[in-house]
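Take this structure, written in structure tokens, and hold onto it; I'll ask about it next.
As a basis for the values below, the full set of heavy atoms in this structure was taken, side chains included, without hydrogen atoms, waters or symmetry mates.
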Amino acid sequence: MKYLIMVYSNPTSREVWDGLPSDQRAQGVREHTLLSEDLAASGELIVAEALVDPSQAKRILVRDGQTVSADGPYPDAKEVLAGFYLLDCESEERAIEHASRIPESALGLVEVRAILDLGI
């Protein structure tokens, strides 16, 4: 079964991250790297990526056949997707086990969601 582990950020978590000493920030990056290496070694990792700041995002709207894009950030968004891991695990429990290793999980900013099989 495939699971998407989404890692979120918000102004408070960003402030916490920015306020950490450089050695603690480096440790957080190492924890993500180690998790990615372990997932690759186990064969469960499909892909993991960090996303650029939301201010570099584009929101796309199509109306009457015309595509319009708007620049971010979006002031109404309290939390933004900061990165993700796409896994192929034997169970939801296994995906949750991996998600609990993500440093942001201590702040409640990690979500695990099964991928819907559309049969495509």
Do L107 and N10 touch side chain to side chain, with heavy atoms closer than 4.5 Å? no
Which atom of A99 lies closest to which atom of V110, heavy atoms considered: CB-CG1, 3.8 Å
Less than 4.0 Å between a side-chain N and a carboxylate O, is that true for E111 and R113? yes
With heavy-atom distances below 4.5 Å as the criterion, would you say the side chains of R25 and L20 are in contact? yes
Could you state the interatomic distance from CD (E31) to OG1 (T33), rounded to the nearest 0.5 Å? 10.0 Å
The side-chain contact (heavy atoms from CB on, under 4.5 Å) partners of A106 (sequence neighbours excluded) come to none
At their closest point, which heavy atom of V80 faces which heavy atom of P54, and how far apart are they? CG2-CG, 3.5 Å
What pair of heavy atoms forms the shortest contact from C89 to H98, and how long is it? SG-CD2, 4.0 Å
Rounded to the nearest 0.5 Å, how far does CG of L86 lie from NZ of K2? 7.0 Å
Spacing of CD belonging to Q24 relative to CZ belonging to R30, to within rounding of 0.5 Å: 10.5 Å
State, yes or no, whether a side-chain contact exists between L81 and V7 at a heavy-atom distance under 4.5 Å. no
Indicate, with yes or no, if L51 and V112 share a hydrophobic cluster defined by side-chain heavy-atom contacts under 4.5 Å among Ile, Leu, Val, Met, Phe, Trp and Tyr. no
Closest heavy-atom pair, S9 versus A82, reported as atoms and distance to 0.1 Å, is CB-CB, 4.0 Å
If you look at every heavy atom in S69 and I60, which pair is closest and at what distance? CB-CD1, 3.6 Å
From CG (D88) to CZ (R94), nearest 0.5 Å: 12.0 Å
Test side chain to side chain contact (heavy atoms under 4.5 Å, CB included) applied to E104 and Y8, step by step: CA-CA 8 Å; E104 290 83 353; Y8 291 94; over 6 Å; no
I'd like to know whether V47 forms a side chain to side chain contact (heavy atoms under 4.5 Å, CB included) with Y85, so could you lay out the CA-CA distance, the side-chain angles of the two residues, the decisive distance to 0.1 Å, and finally the verdict. CA-CA 6 Å; V47 66; Y85 293 82; over 6 Å; no
Rounded to the nearest 0.5 Å, the CD1 atom of I102 sits from the CG atom of L35 at a distance of 5.5 Å
Check step by step if side chain to side chain contact (heavy atoms under 4.5 Å, CB included) holds for R101 and H32. CA-CA 8 Å; R101 294 180 54 195; H32 278 283; over 6 Å; no
Side chain to side chain contact (heavy atoms under 4.5 Å, CB included) between L39 and L87: does it pass, once the steps are laid out? CA-CA 8 Å; L39 290 167; L87 310 180; 3.6 Å; yes
Would you name the heavy atoms of L4 and I115 that are closest together and state the gap between them? CB-CD1, 3.8 Å
